[in-house]
Amino acid sequence: MPFEIAARIDVVPAPVAGPRPAVLVFPGGAYRFHAPHEGAGVAHWFASIGVHAFTFRYPFPSETDWPGPLVAARQALDWVRGGEHGLDVGKVGVFGASAGGHLAGLLATGAVLSLDAPGTSPPRPEFSVLAYSVADLKLLPDAPVEAMTNGRLHLRDEFSPVTHISPGTGPVFAWCTLNDPPGLPNTLELVRACAAAGVSCEIHVFPEGYHGIGLADGVSWGEAPEGERMPPLVSIPHTAGWTDLCERWLRQL
């Protein structure tokens, strides 16, 4: 199913003249909705530190079967680099949270699925920022994996970003909280795979917080669709410090 990529992207320009780095933002939402605090909220934070931000309302597996969501993510990355938005972009990275981090991770590693067209040669971002993202589907129960993959449990490894990490993967900034059952083991496995492949990776595990906390500043940026729910968004100042750490990491790049 073809998608009009530009219609699915919200642009938040950095208020700084001249060429700027850019980031393609993949909000979480269990592949059922796009959590606004992990989309618009994160995009506005990136813009505030001088990074052009592009929030991508990626298609869900229920809208288009795999590899459709990943194909759309690749097209979105090409669109940001192509400049039709009129902004002067330099290096382009990705941000992903939770399920959005799963899709961003597949994109960041240059994953090619067996479901892809023969000869697929995907683009890769220059860096990735991954918040409590899904990295290894073996660490999740069967039910969410079936939903994420449209029932393809036999492709669990192939759908795991960690299996595609290679020396060609760009630098990674990853974080999660200690009390996040899916986020903690997935983030630790992501870092292990990066270390094994010689990929530069910075990790932070915060003692307070939970899955889906976003910026940890308590701002919602909107409600979840009817029938869906987001975690209670509260301000946890120490955990919110991940943005300062990430900004310093980005400036080093």
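Here the side chain of His52 pairs no donor or acceptor atom with the backbone of Gly90 at under 3.5 angstrom.
Under the 4.5 Å side-chain criterion, counting only non-hydrogen atoms from C-beta, Leu188 is in contact with Ile203. Inter-residue side-chain proximity for Leu178 and Leu184 is flagged as met; some heavy-atom pair is nearer than 4.5 Å. No side-chain heavy atom of His37 sits under 4.5 Å from any side-chain heavy atom of Ile213. Side-chain contact between Glu208 and Asn179 is absent, with no heavy atoms from C-beta onward closer than 4.5 Å. Considering only heavy atoms from C-beta on, Trp66 comes within 4.5 Å of Pro61 through its side chain. You'll find the side chain of Met148 stays beyond 4.5 Å of the side chain of Phe159, heavy atoms only.
Every side chain to side chain contact (heavy atoms under 4.5 Å, CB included) that Ala97 has, sequence neighbours left out, goes to Glu38, Phe95, Ala131, Tyr132.
Of the residues listed (Phe60, Tyr31, Tyr58), the one engaging His102 in a ring pair (Phe, Tyr, Trp, His ring centres under 6.0 Å) is Tyr31, and it is the only one.
Every pair tested for salt bridge (Lys or Arg N to Asp or Glu O under 4.0 Å) that includes a residue from residues 237-246 fails, sequence neighbours excluded, so the list is empty.
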Under 3.5 Å, sequence neighbours excluded: what are the donor-acceptor pairs made by side chains of residues 14-28?
residue, atom, partner, partner atom, Å
Arg20, NE, Gly50, O, 2.8
Arg20, NH2, Gly50, O, 3.1

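Closest of all the heavy-atom pairs between Pro182 and His211 is CG-ND1, 3.7 Å. Between Ile165 and Thr169, the shortest heavy-atom contact is CA-OG1, 3.7 Å.
For Trp242 and Trp249, the ring centers sit 6.0 Å or farther from each other.
With hydrogens and angles left out, the side-chain atoms of Asn150 and Asp65 include a donor and acceptor closer than 3.5 Å.
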